[in-house]
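Here is the structure we will look at.
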Amino acid sequence: MKNQFFLKCIVIFILNLASVSYAEVYSEHWQREAFKIDVVKITQPQNLRLFLNDAKTNQPLHKFDAVQKQLNSCEKLLFAMNAGMYHSDYSAVGLYIEASQQKQKLNRVKQGFGNFHIQPNGVLAWNQNKSLITTTDDYAKLKFNADYATQSGPMLVINGKINPQFLEHSNSLKIRNGVGIKDQTLYFVISDKAVSFYQFAQFFKQELNVQNALYLDGSISSAYIPQLKRADSDFNLGPMIAYVDEQNCQKD
């Protein structure tokens with residue numbers, strides 16, 4: 001029956017939902033025998049940052065614990081996730097803006113090898129007032145003053161609809177992670193089990209009811225979610241997104 005497997009999973013998800021919050025980070029673990037997903041909800045973008053290279057050596061950080069070492073002593077890392085595709089030297093494949101400085105320009109190439117070029121791809125960007133996820137073509141038309149931005153692909157959900165490029169019954173299953181947005185709330189999602197693009201996008205659409213969602217990567221997908229006792233460190237990573245708690249820092 002159409003969608004039978006996925007819908008059964010959703011019923012079990014609801015019965016086994018575990019959630020925990022810390023500061024402004026709200027985490028959920030959705031679990032079913034064959035389908036496990038962790039979700040981190042961020043309601044404010046102010047404490048979100050992107051990290052790629054060491055501030056002193058300009059060498060790739062690779063790991064979440066290296067991100068913590070970039071922080072001030074009063075700051076605490078509450079969440080981190082790989083945040084976009086990268087080349088063999090760990091530089092970003094597409095647009096990368098860190099602390100208002102553009103390190104890599106928007107990639108408008110539509111044909112090429114790999115998931116990044118499955119169309120449409122898209123951009124996650126934010127500043128102190130607003131967050132957005134949109135297709136690359138739409139982002140190029142905006143005059144958005146981003147403090148941070150990362151480009152990846154493909155888009156999972158576009159204006160409330162699953163990317164039509166995905167095959168519902170695809171047998172290409174991988175660990176995947178991505179991010180969705182609904183009414184300025186960002187949902188960072190990572191699967192513990194291998195899923196198809198369609199299944200992953202369907203979770204964003206049906207359970208999180210997001211307007212737009214962007215695929216960040218697969219296979220190397222990693223997350224640091226201490227609330228859920230998760231600290232992945234198996235792979236060297238390129239761009240990483242992090243939520244930094246500054247509440248112990250004195251304000252002028």
ring-ring contact (aromatic ring centres under 6.0 Å, His included) for F166 and F197? Distances and angles first, verdict last. CA-CA 6 Å; F166 301 156; F197 268 127; 4.9 Å; yes
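- Both V40 and L48 belong to a single network of hydrophobic side chains, linked directly or stepwise wherever heavy atoms of I, L, V, M, F, W or Y lie under 4.5 Å apart.
- Of all heavy-atom pairs spanning L186 and S131, the tightest one is CD1-OG, 3.9 Å.
- Residues S222 and D232 have side chains that never bring a donor and an acceptor to within less than 3.5 angstrom of each other.
- Criterion: ILVMFWY side-chain heavy atoms under 4.5 Å apart, direct or through other members. Under it, L216 and M240 are not part of a common hydrophobic cluster.
- No cation-pi contact links K103 to Y96, judged by a cut-off of 6.0 Å to the six-membered ring centre and 45° from its axis.
- Q247 and D245 are linked by a side-chain donor-acceptor pair at a separation below 3.5 angstrom, with hydrogens and angles left out of the test.
- Here the closest heavy-atom approach between residue T134 and residue M155 is recorded as O-SD, 3.8 Å.
- Under the 3.5 Å distance criterion, with hydrogens and angles disregarded, no donor-acceptor pair is assigned to the side chains of N163 and Q119.
- Taking CG of L228 as the start and CD1 of I190 as the end, the distance is 11.0 Å to the nearest 0.5 Å.
- At a threshold of 4.5 Å between non-hydrogen side-chain atoms, the residues Q199 and L173 count as touching.
- Between the CZ atom in F144 and the CG atom in L132 there is a gap of 4.5 Å [rounded to 0.5 Å].
- V157 and V123 fall into different hydrophobic clusters, defined by Ile, Leu, Val, Met, Phe, Trp and Tyr side-chain heavy atoms under 4.5 Å apart, directly or through other members.
- The backbone N or O of D147 lies less than 3.5 Å from no partner atom in the side chain of N127, so there is not a single donor-acceptor pair.
- The side-chain heavy atoms of I181 and V210, taken from C-beta on, include no pair separated by under 4.5 Å.
- One distance of note links CG of L78 with CD1 of I225; it measures 12.0 Å at 0.5 Å rounding.
- Proximity of a side-chain donor or acceptor of S27 to a complementary backbone N or O of Q227 within less than 3.5 Å is not detected.
- Residues D137 and K110 are in side-chain contact: their nearest non-hydrogen atoms beyond the backbone lie under 4.5 Å apart.
- Between F203 and V189 the shortest side-chain heavy-atom distance falls below 4.5 Å.
- When all heavy atoms of N121 and S152 are compared, the pair lying nearest together is CB-O, 3.1 Å.
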Would K76 and N248 count as a side chain to side chain contact (heavy atoms under 4.5 Å, CB included) if you check the C-alpha gap in whole Å, the side-chain angles of each, and the deciding distance to 0.1 Å? CA-CA 9 Å; K76 185 176 181 179; N248 292 324; 5.9 Å; no
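- Here K105 contributes atom NZ and R108 contributes atom CZ; the two are 11.0 Å apart, rounded to the nearest 0.5 Å.
- Of all the heavy atoms in L77 and F64, the pair that sits closest is CD2-O, 3.8 Å.
- Side-chain contact between N171 and S196: absent, with no pair of heavy atoms (C-beta onward) separated by less than 4.5 Å.
- Connection of I220 to V195 is not established within any shared hydrophobic cluster, with ILVMFWY side chains joined at heavy-atom distances below 4.5 Å, either directly or through further cluster members.
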Can F116 and V109 be said to form a side chain to side chain contact (heavy atoms under 4.5 Å, CB included), step by step? CA-CA 10 Å; F116 181 90; V109 176; over 6 Å; no
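- Under the ring-ring contact (aromatic ring centres under 6.0 Å, His included) test applied with F79, the options Y26, Y224, Y243, F188 reduce to a single match, F188.
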Where do S91 and D89 land on the side-chain hydrogen bond (donor to acceptor under 3.5 Å, both in side chains) test, with the steps shown first? CA-CA 6 Å; S91 62; D89 64 355; 2.6 Å; yes
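- A heavy-atom distance below 4.5 Å is found between the side chains of N212 and N159.
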Given F235 and D217, is the side chain to side chain contact (heavy atoms under 4.5 Å, CB included) satisfied, shown in steps? CA-CA 12 Å; F235 304 101; D217 215 333; over 6 Å; no
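- The main-chain N or O of E246 is never found under 3.5 Å from a side-chain atom of E75 such that the two would form a donor-acceptor pair.
- Taking 4.5 Å as the limit, every side-chain heavy atom of E28 sits out of range of all side-chain heavy atoms of E207.
- A donor-acceptor pair under 3.5 Å links the side-chain atoms of N107 to the main chain of V93, judged by distance alone.
- Interatomic distance, CE of M81 versus CG of N177, reported as 5.0 Å (0.5 Å rounding).
- Put simply, the residue from R230, R176, K174 that forms a salt bridge (Lys or Arg N to Asp or Glu O under 4.0 Å) with D192 is R230.
- Taking all atoms of both residues into account, the shortest heavy-atom contact from Y86 to N236 is OH-O, 3.1 Å.
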Let me see the working for F51 and L237 under side chain to side chain contact (heavy atoms under 4.5 Å, CB included), right down to the final yes or no. CA-CA 10 Å; F51 292 86; L237 305 173; over 6 Å; no
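- Residue Y215 is grouped with residue I37 when hydrophobic side chains (ILVMFWY) are merged at heavy-atom distances under 4.5 angstrom, including chains of intermediate members.
- Residues Q70 and D54 form a side-chain contact, since some pair of their non-hydrogen atoms from C-beta on lies under 4.5 Å apart.
- With values rounded to the nearest 0.5 angstrom, I241 atom CD1 is found 8.0 Å from T150 atom OG1.
- Between the side chains of Q151 and T136, at least one donor N or O sits under 3.5 Å from an acceptor N or O.
- Nearest approach of L208 to Y187, heavy atoms of both residues: CD1-CB, 3.8 Å.
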